[in-house]
Amino acid sequence: MNDCIFCRIAEGELPAQIVFQDDDFVAFRDIAPKAPVHLVVIPRRHVASFADVAELSADERARMAVFLAEAADRAGLTSTGYRVVTNHGANSRQSVFHLHWHILGGALLSDSM
Ligand code: DGP
């Protein structure tokens with residue numbers, strides 16, 4: 001069994017509040033939100049972190065950016081604004097080792113990060 005939490009969410013083996021998905025990407029609500037709206041966006045293909053983004057195809061990399069904007073829009077964040085961030089490695093406090101993007105919004109965010 002795949003022990004990657006985000007692979008299992010993508011496969012439907014673990015529950016998640018999915019906001020938007022297509023054949024290659026899934027957007028779902030973060031289990032420990034750091035903002036009123038906090039989405040996690042993943043490629044279905046397992047890639048450990050942004051440092052390994054070259055493991056995705058050029059087409060996947062391009063569509064990932066478009067998917068991020070679409071997921072934020074579907075969460076109602078386009079007009080008020082949002083932040084997109086990804087963590088790689090220990091100093092960033094990455095805790096799940098499947099490439100993911102955080103989309104944060106729904107309030108005025110801290111300027112300290
Ligand atoms: P990071 O620190 O960048 O690796 O962020 C991992 C995020 O994933 C963190 O904000 C919490 C979230 N998370 C961890 N496990 C689960 C889960 O099982 N379900 C959901 N929805 N989010 C999770």
Side-chain angles (χ1 to χ4, degrees):
M1 184 176 67
N2 189 335
D3 60 3
C4 171
I5 292 169
F6 287 174
C7 282
R8 296 187 68 199
I9 287 174
E11 292 295 325
E13 295 174 6
L14 286 179
Q17 293 182 46
I18 293 174
V19 171
F20 180 43
Q21 60 184 321
D22 66 14
D23 287 347
D24 297 310
F25 305 100
V26 185
F28 52 92
R29 296 194 188 277
D30 195 289
I31 203 169
K34 303 278 197 309
V37 179
H38 185 170
L39 305 183
V40 175
V41 174
I42 60 169
R44 291 185 187 275
R45 186 201 297 265
H46 183 92
V47 173
S49 81
F50 187 69
D52 299 311
V53 72
E55 293 177 15
L56 297 178
S57 69
D59 184 55
E60 285 173 315
R61 295 196 296 270
R63 285 187 294 102
M64 189 164 58
V66 175
F67 185 93
L68 282 161
E70 179 69 21
D73 192 59
R74 288 181 183 236
L77 297 175
T78 301
S79 61
T80 50
Y82 55 88
R83 177 176 293 154
V84 179
V85 64
T86 187
N87 292 320
H88 163 67
N91 275 2
S92 76
R93 301 178 183 271
Q94 182 182 6
S95 61
V96 178
F97 294 89
H98 179 131
L99 170 62
H100 56 281
W101 302 84
H102 298 265
I103 300 177
L104 301 146
L108 185 61
L109 301 176
S110 166
D111 63 0
S112 65
M113 67 171 278

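Heads up: numbering here begins at 1 and tracks the sequence. Basis for what follows: all heavy atoms, side chains included, without hydrogens, waters or symmetry-related copies. Numbering of ligands and ligand atoms starts at 1, following listing order.
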- prompt: Which one of Val85, Val40, Leu39, Val19 satisfies the side-chain contact (heavy atoms from CB on, under 4.5 Å) criterion with Ile103?
  reply: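 Only one option passes, and that is Leu39.
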Sole residue of His46, His100, Arg44 in side-chain contact (heavy atoms from CB on, under 4.5 Å) with Phe6: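 It is His100; the other options fail the test.
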Does any N or O of ligand 1 fall below 3.5 Å from an N or O anywhere on [X], backbone included?
X	answer
Val96	yes
Ser95	yes
Ile31	yes

Return the closest protein heavy atom for [atom] as residue, atom name and distance.
atom	answer
atom 18 (O) of ligand 1	Ile5 CG2, 3.5 Å
atom 21 (N) of ligand 1	Arg29 O, 2.9 Å
atom 10 (O) of ligand 1	Asp30 OD2, 2.5 Å

Identify the two heavy atoms, one from [X] and one from [Y], that lie closest to each other, and give their separation to 0.1 Å.
X	Y	answer
Gly106	Leu77	N-CD2, 3.5 Å
Leu56	Arg61	O-NH1, 2.6 Å
Leu68	Trp101	CD2-CB, 3.6 Å
Gln94	Val96	NE2-O, 3.0 Å

task: Assess whether atom CZ of Phe20 is packed by more than 12 heavy atoms of other residues, nucleotides or ligands within 6.0 Å.
output: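 More than 12 within 6.0 Å, yes.
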Give the atom numbers and elements of ligand 1 that come within less than 4.0 Å of a heavy atom of [X].
X	result
Phe28	20 (C), 21 (N)
Arg93	2 (O)
His102	1 (P), 3 (O), 5 (O), 7 (C), 10 (O)

Pick one of side chain, backbone, both or neither for how [X] approaches ligand 1, counting any non-hydrogen atom pair under 4.0 Å.
X	result
Asn87	side chain
Phe6	side chain
His100	side chain

- prompt: Going by heavy atoms, is Ile9 under 4.0 Å from ligand 1?
  reply: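 Yes, Ile9 has heavy atoms under 4.0 Å from ligand 1.
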task: Report whether Val84 and Val47 are members of the same hydrophobic cluster (ILVMFWY, side-chain heavy atoms less than 4.5 Å apart, transitive linking).
output: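 Yes, because Val84 and Val47 connect within a single hydrophobic cluster, where side-chain heavy atoms sit under 4.5 Å apart.
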message: Given His38, which partner from the list Arg83, His102, Arg29 fulfils the side-chain hydrogen bond (donor to acceptor under 3.5 Å, both in side chains) test?
response: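 When Arg83, His102, Arg29 are each tested with His38, the side-chain hydrogen bond (donor to acceptor under 3.5 Å, both in side chains) holds only for His102.
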